[in-house]
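We use all heavy atoms of the structure for the numbers below, so side chains are in, but hydrogens, waters and symmetry mates are not. In listed order, ligands and their atoms are each counted from 1.
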Amino acid sequence: MVKTNAQTIGTDALGLALLTPDEMGRADRLAVERGTPSLTLMENAGRGVAREARNLLGAGRRVVVLCGPGNNGGDGFVAARYLAEGGAEVHVALLGERAALEGDAAVMAQRWGGDVAPLAPAAINGADVVVDAMFGAGLTRPLSGVAAEVVEALNASTVPVLAVDVPSGLDGGTGQARGPVVEATRTVTFFRRKPGHLLMPGRALCGPVVVDDIGIPDGVLADIGVQAWANAPALWSTAFPWPRLDGHKYSRGHALVVSGPAAHTGAARLGARGALRVGAGLVTVASPPDAIPVNAAQLTAIMLMAFDGAAGLGHILEDKRKNAVLLGPALGVGPPTRQLVGTALASGAATVLDADALTSFADAPDVLFAAVASDAARSIVMTPHDGEFARLFPGSAAGCKLARARDAARRSGAIVVLKGPDTVVAAPDGRAAINDNAPPWLATAGAGDVLGGFVAGLLAQGMPAFAAACAAVWLHGAAAAAFGPGLIAEDLPETLPKVLRALSGPDPR
Ligand SMILES: NC(=O)C1=CN([C@@H]2O[C@H](COP(=O)(O)OP(=O)(O)OC[C@H]3O[C@@H](n4cnc5c(N)ncnc54)[C@H](O)[C@@H]3O)[C@@H](O)[C@H]2O)[C@H](O)CC1
Ligand SMILES: [K+]
């Protein structure tokens, strides 16, 4: 087990660690300090690139390797050598002078021994596959000049492109491109993925990412102090509230979901259904008087309680068995909802704030953050989409999604789930998980309501907030993927059991 941030991450979660380009450079250096020559790292990296290029080459023969002026290019020279030794027709094109190459890259260029042409758009003509070894972790500014022209030619062609480490032009730390960027068919990277391999548009630009072991020992991760992970069951399964033989519905918590008025009750029922399906022992919808008939007509195992205003909600939450509350969807934006949020936060129950519960504080975020900070130990999760996020955290509206979510979690004191195709879950202490299993058809009305219910249901069962938010986001994506296109929000809770079975938790004890 590796202890990090007072959180025990199972050793099988080590594979989920995400390293920034700087952290990756540190991993390289630590590996060298521990006895693996950097040339060996590059040899191993280039050999893996050659393997992946051969896979893409298929029946073709002509490989063009585009090399940049640094060690990304060094990887390319190694790959060229292996591909030529394997019988491919290999052409290398280099940005800059061969004599200007330094260090490991210069050594590998020397070992290549074959011709090296100047980098130019025409270099890719007739290629059956192109290896993009121009820029990797050392990118410092947008591509320009001939590199930009080559990228433009590549993206206009249909030739398969294998990117080395990251597609040239992509910032491996942020997943963003500040200028021309290669649209790769596949990417091969080394030791661990970077946040930019999972964050959009990086994930789309990389294509499938292959992670090769090049001889860097996992032990370096403890020295680096990993703060970001890819979201997957290995990250949170040890904290997942699998049912126990001696359990009963009261031992599995009681989630409360606050309903909107009569014409806006579906969101609460979607959340409630999600909370029940994910395992909360009991779920109650708290309904304003005018919505009682419509909610009552549509609820079965989910219970119903009437409340009228913040005082009424406070009265319900005096019953501490209701230990998790979800509010926001379809409540309406304005002071009444702000009062409901204040009541929920004051109750001590684990709280999930979504939609209108967030937007209602758009003109006074610090009021919300003060209420959240009042009990920092409590489990509070915010689940904004980009629009709600921009209203609450206007200063963090642009830039790297990972950094924005972390900044928001630190400022608010809550777990922040910044939703999207690359949902980021961030904790105030800097821990973050990036989720990459959500299919595009998850973007459907009400899906966010179900996600809030999954979070509330896991919190009700006592799961720690960061782990609960990561698990809920992953289950949400997995249920959508399992169902397939044509998904509507109502299908998510009903597909969850199939996903939970596949997770195959420990035999009940
Ligand atoms: N043992 C090792 O070092 C290993 C390294 N790996 C590979 O190394 C690269 C990172 O190499 P690095 O030399 O740091 O940077 P790049 O090759 O990505 O960039 C080259 C060089 O280019 C300059 N530069 C940056 N941006 C631009 C730009 N827009 N236009 C022109 N020039 C630019 C800058 O000076 C850079 O230094 C890593 O990605 C791996 O592929 C192996 O993976 C493992 C062993
Ligand atoms: K590259």
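- Polar contact check, P142 against ligand 1: a nitrogen or oxygen pair lies under 3.5 Å apart.
- Looking from atom 44 (C) of ligand 1 to the surrounding protein, the closest heavy atom is I214 CD1, 3.7 Å.
- Metal site remark for the K ion (ligand 2): P167 contributes no N, O or S atom at a distance under 3.4 Å.
- Only the side chain of D165 comes within 4.0 Å of ligand 1, counting heavy atoms alone; its backbone N, CA, C and O stay farther away.
- At the top of the distance list for atom 9 (C) of ligand 1, counting protein heavy atoms only, stands N72 N, 3.5 Å.
- Contact annotation: V166 places an N, O or S atom under 3.4 Å from the K ion (ligand 2).
- Looking at heavy atoms from C-beta onward, R81 lies in side-chain contact with E43 at the 4.5 angstrom threshold.
- For the ligand labelled ligand 1, residue A147 lies outside the 4.0 Å heavy-atom shell.
- At least one N or O atom of A137, backbone or side chain, sits closer than 3.5 Å to an N or O atom of ligand 1.
- Within the 4.5 Å cutoff, no side-chain heavy atoms of L66 are placed close to those of V131.
- Heavy atoms of P69 approach ligand 1 to within less than 4.0 angstrom.
- Counting only heavy atoms of the protein, atom 2 (C) of ligand 1 lies nearest to D28 OD2, 3.6 Å.
- Residue-environment remark: CG (D115) stays at or below the threshold of 12 foreign heavy atoms within 6.0 Å.
- The single protein non-hydrogen atom nearest to atom 3 (O) of ligand 1 is N71 ND2, 3.3 Å, given as residue, atom name and distance.
- Looking at heavy atoms from C-beta onward, V116 lies in side-chain contact with F77 at the 4.5 angstrom threshold.
- Not a single N, O or S atom of M134, from either the backbone or the side chain, sits less than 3.4 Å from the K ion (ligand 2).
- Between F393 and F369, the distance separating the two ring centers is shorter than 6.0 angstrom.
- Using a 4.0 Å cut-off between heavy atoms, F135 contacts ligand 1 through both its backbone and its side chain.
- Residue-to-ligand polar distances keep M42 apart from ligand 1: every N/O pair is separated by 3.5 Å or more.
- Using a 4.5 Å cut-off on side-chain heavy atoms (C-beta onward), T20 and K194 make no contact.
- A salt bridge links D218 with R192; the closest basic N to acidic carboxylate O contact falls under 4.0 Å.
- Of the protein's non-hydrogen atoms, G138 CA, 3.2 Å is the one closest to atom 15 (O) of ligand 1.
- For atom 1 (N) of ligand 1, the choice among C67, G68, S38 with the nearest heavy atom turns out to be S38.
- Looking only at side-chain heavy atoms (C-beta outward), L475 and V278 come within less than 4.5 Å of each other.
- N71 places no side-chain N or O within 3.5 Å of a backbone atom of G74 that could act as its donor or acceptor partner.
- Between the K ion (ligand 2) and D132 there is an N/O/S contact shorter than 3.4 Å.
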_Full working for side-chain hydrogen bond (donor to acceptor under 3.5 Å, both in side chains) between H91 and R62_ = CA-CA 8 Å; H91 300 269; R62 184 183 172 93; 3.1 Å; yes
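- Distance check for V164 against the K ion (ligand 2): an N/O/S atom falls below 3.4 Å.
- Taking each of M134, R29, E102, R141 in turn, the one with a heavy atom nearest to atom 28 (C) of ligand 1 proves to be R141.
- Partner F483 forms a side chain to side chain contact (heavy atoms under 4.5 Å, CB included) with one of D491, V499, L442 and no other, that one being D491.
- Contact annotation for D75 and ligand 1: only side-chain heavy atoms (C-beta onward) come within less than 4.0 Å of the ligand.
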